[in-house]
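Notes follow once the structure below has been shown.
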Amino acid sequence: MFRKFNHWLAKAATELAGHPVKFTPQTLLVGNRSIVLQPARLGDTEAMVEIERRVYQGYAPWGSLAFISELSRQHRLYMVATDDNFIIGFAGCSFNWVKNEVHITNIAVTPGYQQHGIGTAMIQTLEDVAIANGMLTMSLEVRVDNNRAQRLYRQLGFEESKIKKGYYEDNHGDALEMLLPLGKEEKND
């Protein structure tokens, strides 16, 4: 009996903890440029904050310490997009193995590289990794007035879920939660 309980306890702990999220670097051809998607490192955080400043007209929603904290936590995957070893974009997500959900925490592409499919490629890569790890849904929040981003997410299959009032710290703006189903729910037999 005790051996059976130990086996169950070890299995439950493994399922709750999940496992390290693995991501293999990939190269994309964008125009005549080779863009590399690779795991983010602690040394990339300043570049990630600078991209936020460019995207949000001088405001960086996440500082270096927030990115450092995220990069050192389990169940996270952050990637950077580089052009000739220069970071031009990033995306991050958290994995919840208990609920089989992945949540995109943030994504940004520096303005000079937007509209070239880099953001789409990062989201699709996160989706592929999520599916490979058995996740069933992917979620994200987007500002209710960010129609361009919402249009992209809809094109990628995300659906509107609910409005989160006062979600953003900078101006207490509302967020639209969007969901993407990734797999079929398991049936209870």
Side-chain angles (χ1 to χ4, degrees), residues 17-28 30 33-97 101-130 133 135 138-146 148-150 152-153 158 164-178:
H19 45 82
V21 181
K22 296 183 178 162
F23 167 64
T24 305
Q26 301 175 13
T27 302
L28 312 168
V30 176
R33 310 285 303 188
S34 290
I35 305 299
V36 178
L37 300 181
Q38 60 194 30
R41 301 171 311 205
L42 290 175
D44 298 335
T45 59
E46 286 300 325
M48 294 162 75
V49 171
E50 182 56 33
I51 290 170
E52 283 191 325
R53 284 191 189 106
R54 290 179 188 153
V55 169
Y56 298 109
Q57 294 80 39
Y59 173 71
W62 287 39
S64 288
L65 290 178
F67 282 118
I68 289 169
S69 174
E70 282 291 293
L71 289 172
S72 35
R73 292 178 71 187
Q74 290 186 358
H75 318 301
R76 301 293 192 266
L77 171 61
Y78 277 79
M79 68 177 65
V80 292
T82 62
D83 180 11
D84 199 22
N85 294 319
F86 178 71
I87 296 174
I88 58 165
F90 66 89
C93 63
S94 64
F95 286 75
N96 182 330
W97 272 274
E101 298 173 345
V102 63
H103 179 75
I104 296 177
T105 54
N106 45 29
I107 181 168
V109 176
T110 200
Y113 285 85
Q114 292 177 359
Q115 302 295 309
H116 294 287
I118 297 166
T120 297
M122 288 192 292
I123 292 171
Q124 289 173 331
T125 300
L126 292 176
E127 181 181 344
D128 292 344
V129 173
N133 280 277
M135 300 296 110
M138 179 178 273
S139 64
L140 56 79
E141 288 91 16
V142 59
R143 290 181 187 268
V144 294
D145 61 353
N146 190 343
R148 190 166 125 192
Q150 289 177 36
L152 168 65
Y153 301 144
F158 284 84
K164 294 183 174 183
K165 296 283 188 189
Y167 181 82
Y168 292 102
E169 281 186 26
D170 62 333
N171 64 358
H172 303 289
D174 298 341
L176 172 63
E177 180 181 64
M178 300 184 80

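Owing to the predicted nature of the structure, the values given are computational and were not obtained by experimental measurement.
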Determine whether a donor-acceptor pair (N or O, by modelled atom type, separation under 3.5 Å) exists between the side chain of Q150 and the backbone of V144. yes
Please check if the side chain of S69 supplies one atom and the backbone of L65 the other of a donor-acceptor pair under 3.5 Å. no
Separation of I107 CD1 from T120 OG1 (nearest 0.5 Å): 8.0 Å
Could you label the plane-to-plane angle of the Y56 and Y59 rings as parallel, tilted or perpendicular, counting under 30° as parallel and over 60° as perpendicular? perpendicular
For I51 and G89, work out which heavy atoms get closest and say how close. CD1-N, 3.5 Å
Quick one, F158 and M138 - any side-chain contact, counting heavy atoms below 4.5 Å? yes
Side chains of V21 and H75 in contact at under 4.5 Å (non-hydrogen atoms): no
Would you check if the side chain of T105 reaches a backbone N or O of G92 as a donor-acceptor pair within less than 3.5 Å? yes
Donor-acceptor contact below 3.5 Å, side chain Q114 vs main chain V109: yes
With side chains defined as the heavy atoms from C-beta onward, is the minimum distance between V30 and Y113 less than 4.5 Å? no
Look at the side chain of Q57 and the backbone N and O of V55, then say whether any donor-acceptor pair between them is shorter than 3.5 Å. yes
Nearest non-hydrogen partners of E141 and A175, listed with the distance: CB-CB, 4.0 Å
Closest heavy-atom pair, E46 versus S64, reported as atoms and distance to 0.1 Å, is OE2-OG, 2.6 Å
So, E101 side chain and S94 main chain: donor-acceptor pair closer than 3.5 Å or not? no
Taking every non-hydrogen atom, the tightest pair across L71 and A40: CD2-CB, 3.8 Å
How long is the span from the CG atom in L28 to the NE2 atom in H116, to the nearest 0.5 Å? 13.0 Å
Nearest heavy-atom pair of A108 and M122: which atoms, and what distance? O-CE, 4.0 Å
Hey, what do you get for CZ (F23) to CG (D128), rounding to the nearest 0.5 Å? 10.0 Å
Using 30° and 60° as the class limits, which term best fits the ring planes of W62 and Y78: parallel, tilted or perpendicular? tilted
Could you state the interatomic distance from CD (E52) to CD (E50), rounded to the nearest 0.5 Å? 10.0 Å
Decide side-chain contact (heavy atoms from CB on, under 4.5 Å) for N133 and K22; before the verdict, give the C-alpha distance in whole Å, the side-chain angles of both, and the deciding distance to 0.1 Å. CA-CA 9 Å; N133 280 277; K22 296 183 178 162; over 6 Å; no
Separation between CG (D44) and CD1 (I68), nearest 0.5 Å, reads 11.0 Å
Shortest non-hydrogen separation from A60 to V49 and the atoms involved: CB-CG1, 3.8 Å
Is any side-chain heavy atom of H103 less than 4.5 Å from a side-chain heavy atom of E177? no
Please test V80 against Q38 for side-chain contact (heavy atoms from CB on, under 4.5 Å), starting from the C-alpha separation and ending with a verdict. CA-CA 6 Å; V80 292; Q38 60 194 30; 3.7 Å; yes
How long is the span from the CG atom in D83 to the CD1 atom in I118, to the nearest 0.5 Å? 7.5 Å
Test side-chain contact (heavy atoms from CB on, under 4.5 Å) on L126 and V102 and set out the steps. CA-CA 9 Å; L126 292 176; V102 63; over 6 Å; no
Run the numbers on Y153 and V142 for side-chain contact (heavy atoms from CB on, under 4.5 Å), then give the verdict. CA-CA 9 Å; Y153 301 144; V142 59; 3.9 Å; yes
